[in-house]
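Heads up: the structure comes next, in structure tokens.
Along the sequence shown, residues carry numbers from 1.
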Amino acid sequence: MSDLKSRIFVFLGATAVLAALGGWFTSSRPDESLLPADSNASRALAPADNAAERAAANVDNDKVVEIDVMGNRLDASRLFDLGFAGGLNIDQQTRATLDTLLMNMSDTPAVQEIEKLEWTLRNGLPKDDADKAIKMFHGYRAYLGDMKGELQQMGIPDTPAVANAYFDQLALLQRRHFDEATAAALFGQENLNARLVMQAALISQNEALSESDKQQQLEQLRTQLPPDQRGLIPLAQAAKP
């Protein structure tokens, strides 16, 4: 089942990246959405049907938040990754988990809906890990709300200076809701990738650059991305004769 979980999160991450950033290379102006999330899973999934396990533990099924992913009913707590020695692993997989939880909730969750999720996490995770997961969930919801409001007011970056200001503000928003280590684990690689893709979009749209200069600068940016993500920055096409 661990391979299935890996495919779930890789699919979610790749879909978000392409949806958010692909428009920069197919339109005259870049899209302002920056919510990619890439992840690799390391913890095995719970069985698709764990009713017997819950019955043995005397757990009320109605109280458990289950996530339907690719035909599998998953206890929401099982989406979080626990290390082999114990303790909650926080990385880009965690970001994908938080996105998955939000996608399976109402746009404006009722108090009862939030309480049900919190109960599920406390029931399925060790106490300290459940507390961390719940805190991250609430912090992430607040972060997305602030991001939608404050970064939209900045408009779409159209120069390198404005792009840098955009990412500086993004980092401030992340540290408003997460400590430095957690923010780096959740967003560090994503921030770098998005910054490079935005730089690439501005290069591609710069009519003052020759096609040769664009090719050279885009290739330099591509080398800074992980090998499996360099396709996010397509090389400039040669001008037609």
Side-chain angles (χ1 to χ4, degrees), residues 9-10 12-40 89-103 105 107-108 132-206 217-218 220-226 228-234:
F9 283 118
V10 169
L12 289 173
T15 301
V17 170
L18 294 176
L21 303 177
W24 279 331
F25 297 99
T26 59
S27 62
S28 59
R29 301 197 69 186
D31 186 0
E32 65 186 329
S33 176
L34 283 172
L35 296 176
D38 186 20
S39 56
N40 294 299
N89 287 333
I90 301 175
D91 52 23
Q92 286 183 297
Q93 173 187 327
T94 313
R95 170 75 183 280
T97 292
L98 297 171
D99 282 327
T100 301
L101 293 178
L102 287 174
M103 285 190 298
M105 300 185 77
D107 291 340
T108 305
K132 290 179 182 178
I134 291 169
K135 181 179 180 180
M136 274 193 299
F137 173 77
H138 288 296
Y140 191 60
R141 285 188 67 215
Y143 159 71
L144 291 181
D146 287 352
M147 181 179 177
K148 182 178 180 180
E150 295 183 29
L151 293 186
Q152 281 187 348
Q153 292 178 6
M154 295 180 65
I156 301 173
D158 55 3
T159 68
V162 175
N164 286 333
Y166 179 96
F167 283 102
D168 289 344
Q169 182 64 21
L170 182 64
L172 288 175
L173 286 180
Q174 290 164 355
R175 279 155 182 77
R176 181 186 301 169
H177 299 287
F178 304 96
D179 61 70
E180 186 170 352
T182 301
L186 290 174
F187 304 105
Q189 186 63 54
E190 172 192 312
N191 287 350
L192 174 60
N193 291 0
R195 186 186 290 264
L196 293 173
V197 170
M198 183 175 285
Q199 290 176 7
L202 295 175
I203 290 171
S204 297
Q205 297 162 14
N206 189 344
Q217 293 184 31
L218 290 174
Q220 289 176 348
L221 294 180
R222 281 165 58 91
T223 61
Q224 299 178 56
L225 285 169
D228 63 341
Q229 296 182 30
R230 289 176 183 170
L232 291 172
I233 300 180

Is any side-chain heavy atom of [X] less than 4.5 Å from a side-chain heavy atom of [Y]?
{"X": "Tyr143", "Y": "Arg175", "answer": "no"}
{"X": "Leu192", "Y": "Leu225", "answer": "no"}
{"X": "Met198", "Y": "Phe167", "answer": "yes"}
{"X": "Leu101", "Y": "Tyr140", "answer": "no"}
{"X": "Phe187", "Y": "Leu170", "answer": "no"}

If I take atom [atom1] from residue [X] and atom [atom2] from residue [Y], how far apart are they, to the nearest 0.5 angstrom?
{"X": "Arg141", "Y": "Met105", "atom1": "CZ", "atom2": "CE", "result": "6.5 Å"}
{"X": "Met136", "Y": "Leu98", "atom1": "CE", "atom2": "CG", "result": "6.0 Å"}
{"X": "Gln189", "Y": "Gln92", "atom1": "CD", "atom2": "CD", "result": "6.0 Å"}
{"X": "Thr97", "Y": "Ile90", "atom1": "OG1", "atom2": "CD1", "result": "11.0 Å"}

message: Using only atom types and a distance under 3.5 Å, with no angle test, would you say the side chain of Thr94 pairs donor to acceptor with the backbone of Leu186?
response: no
query: Are the side chain of Thr182 and the backbone N or O of Phe178 linked by a donor-acceptor pair below 3.5 Å?
result: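 It does not hold such a pair.
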- prompt: With sequence neighbours left out, what residues match Arg176 under salt bridge (Lys or Arg N to Asp or Glu O under 4.0 Å)?
  reply: Asp146, Glu150
I'd like to know if the side chain of [X] pairs up with that of [Y] as donor and acceptor (distance under 3.5 Å, no hydrogens or angles considered).
{"X": "Gln174", "Y": "Asn191", "result": "yes"}
{"X": "Arg195", "Y": "Tyr166", "result": "no"}
{"X": "Asn89", "Y": "Gln93", "result": "no"}

Listed partners of Thr159 passing side-chain contact (heavy atoms from CB on, under 4.5 Å), at least two apart: Ala161, Val162
Provide the closest heavy-atom pair for [X] versus [Y] in the form atom of the first, atom of the second, distance.
{"X": "Leu202", "Y": "Pro157", "result": "CD2-O, 4.1 Å"}
{"X": "Ile233", "Y": "Leu196", "result": "CD1-O, 3.9 Å"}
{"X": "Ser204", "Y": "Leu218", "result": "OG-CD1, 3.9 Å"}

